[in-house]
Amino acid sequence: MKTKAVIFDLDGVIVDTAKFHFMAWKALSDELGLFFDEAVNERLKGVSRMKSFEIILEVNGAQDRFTEEEKEEYIKKKNDLYVSFVKTLTPEDMLPGVAAFIGRARAAGIKTAVASVSKNAPLVLECLRAADMFDYVADAAKVEKSKPAPDIFLVCAEALGVAPADCIGVEDAQAGIEAIKAAGMFSVGINVTVTSVEPDVHLKSTSELDFEKIVK
Ligand code: BG6
Ligand code: MG
């Protein structure tokens, strides 16, 4: 493989937003009398907004409690709170080693992209002032099949004009690692807690993102 592009997940790879998702889902769950804890939050990593709410409802045996309309209303409420937390992010919140790794990759002529299922990805990147670090940011709203389907990684590779086999994908969630593998890319896992599928390289944190060791 001759690496021509590195495609990053956003939440949990570029910035730690899991705590914001937790606080927002917890507030909504408390309001609705639903159980929600850190272990359930883990299961929501890499999972879309509606699917996340459906997992919370399923955990509570409450799959049929709300109409589709009500569910839409509640996930909007969760998102409004989440967005208010995201707006507190600054460039200092980028996870350690990420900016240096991206800088090194771009200096070597390697393209970079963001493959996040979050519809808030542009806002998060804006708050981190990181949008310019990427040649392409996938639009989650336009990618029908969410991770673990490979689609969002393939959309990025195509937009960058690079063959999937020449791409590295970086992810913190099991669904993301599965998506990278299904896309035929080399996978780098960052502290992936559930590993039914092992990433090609598994790091404990982003501070271990060593360009010389990872990029071939
Ligand atoms: C993923 C997160 O990146 O984005 C999930 O890991 C989240 O936890 C998903 O549910 C969707 O995010 P958003 O911002 O569109 O609600
Ligand atoms: Mg993630």
Side-chain angles (χ1 to χ4, degrees), residues 6-29 36-59 71-89 93-95 98 113-128 130 134 137-153 155-156 168-181 183 187-195 197 199 202-206 209:
V6 185
I7 305 173
F8 297 84
D9 172 44
L10 176 66
D11 296 308
V13 169
I14 293 170
V15 59
D16 175 20
T17 45
K19 53 184 187 267
F20 295 158
H21 281 296
F22 176 82
M23 291 191 289
W25 284 126
K26 180 74 182 142
L28 179 68
S29 299
F36 182 72
D37 68 359
E38 291 282 359
V40 181
N41 197 50
E42 273 303 308
R43 291 180 52 193
L44 311 185
K45 288 188 177 169
V47 173
S48 76
R49 201 178 301 165
M50 181 56 98
K51 184 84 182 83
S52 295
F53 190 41
E54 286 169 353
I55 290 174
I56 297 171
L57 291 174
E58 192 190 306
V59 164
K71 286 201 275 183
E72 289 290 350
E73 182 192 316
Y74 288 132
I75 63 171
K76 181 187 178 306
K77 197 165 186 184
K78 178 266 172 179
N79 191 57
D80 289 347
L81 186 57
Y82 175 71
V83 164
S84 73
F85 298 142
V86 163
K87 285 183 175 161
T88 67
L89 289 172
D93 290 303
M94 263 186 102
L95 287 169
V98 175
V114 174
S116 171
V117 300
S118 169
K119 292 178 179 155
N120 293 302
L123 173 68
V124 172
L125 291 172
E126 185 192 318
C127 293
L128 297 173
F134 301 97
V137 177
D139 182 349
K142 291 200 183 127
V143 182
E144 220 178 281
K145 280 199 239 147
S146 219
K147 300 168 188 176
D151 301 34
I152 197 157
F153 284 95
V155 162
C156 287
I168 293 177
V170 190
E171 260 288 351
D172 70 313
Q174 181 62 44
I177 297 296
E178 286 175 27
I180 295 169
K181 293 215 162 201
S187 57
V188 176
I190 309 286
N191 192 28
V192 184
T193 48
V194 194
T195 45
V197 181
H202 199 178
L203 309 175
K204 280 197 209 75
S205 88
T206 53
L209 274 171

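Ligands are counted one by one from 1 in listed order, and the atoms in each one are counted from 1 as well. Keep in mind it's a predicted model, so treat the numbers as computed, not measured. Note that these values count all heavy atoms, side chains included, but never hydrogens, waters or copies made by symmetry.
Counting only heavy atoms from C-beta outward, the side chains of His21 and Lys78 approach each other to under 4.5 Å. By the 4.5 Å heavy-atom criterion applied to side chains, Phe134 and Ile14 are counted as neighbours.
Evaluated for a salt bridge (charged side-chain N to carboxylate O under 4.0 Å, His left out) with Lys147, the options Asp172, Asp11, Asp9 yield exactly one hit, Asp9.
Some N or O of Arg49 is nearer than 3.5 Å to an N or O of ligand 1, by distance alone. Geometrically, ligand 1 and Lys119 share a nitrogen or oxygen pair separated by less than 3.5 Å. The shortest N or O to N or O distance between Asn120 and ligand 1 is below 3.5 Å. At under 3.5 Å, not a single nitrogen or oxygen of Lys45, backbone or side chain, sits near a nitrogen or oxygen of ligand 1.
For His202 (side chain) and Val192 (main-chain N/O), a donor-acceptor pair under 3.5 Å exists by modelled atom type.
We find the CH2-OH distance between Trp25 and Tyr82 to be 11.0 Å, quoted to the nearest 0.5 Å. The CD atom of Glu72 lies 10.5 Å from the CZ atom of Phe53; values are rounded to the nearest 0.5 Å.
Annotation: atom 8 (O) of ligand 1 to nearest protein heavy atom, Leu44 O, 3.0 Å. Among protein heavy atoms, atom 6 (O) of ligand 1 sits closest to Gly46 N, 2.8 Å. Among protein heavy atoms, the minimum distance from atom 9 (C) of ligand 1 is reached at Val47 O, 3.1 Å.
Under the rule for a salt bridge (charged side-chain N to carboxylate O under 4.0 Å, His left out), the partners of Lys76 that lie at least two apart in sequence or sit in another chain are Asp80.
For residues 49-58, the pairs satisfying salt bridge (charged side-chain N to carboxylate O under 4.0 Å, His left out) are Glu54-Lys71, with sequence neighbours left out.
Tally of protein N, O or S atoms closer to the Mg ion (ligand 2) than 2.8 Å: 3.
Compare Asn41, Thr17, Leu10, Asp11 by their heavy atoms: the one nearest to atom 4 (O) of ligand 1 is in Asp11.
Atom NZ of Lys26 is surrounded by more than 12 heavy atoms from other residues, nucleotides or ligands within 6.0 Å.
Contacts between Ser52 and ligand 1 below 4.0 angstrom, taking non-hydrogen atoms only, involve the side chain exclusively.
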Which donor-acceptor pairs under 3.5 Å do side chains of residues 119-128 form with protein atoms, sequence neighbours excluded?
from: Asn120; atom 1: ND2; to: Asn79; atom 2: OD1; distance (Å): 2.9

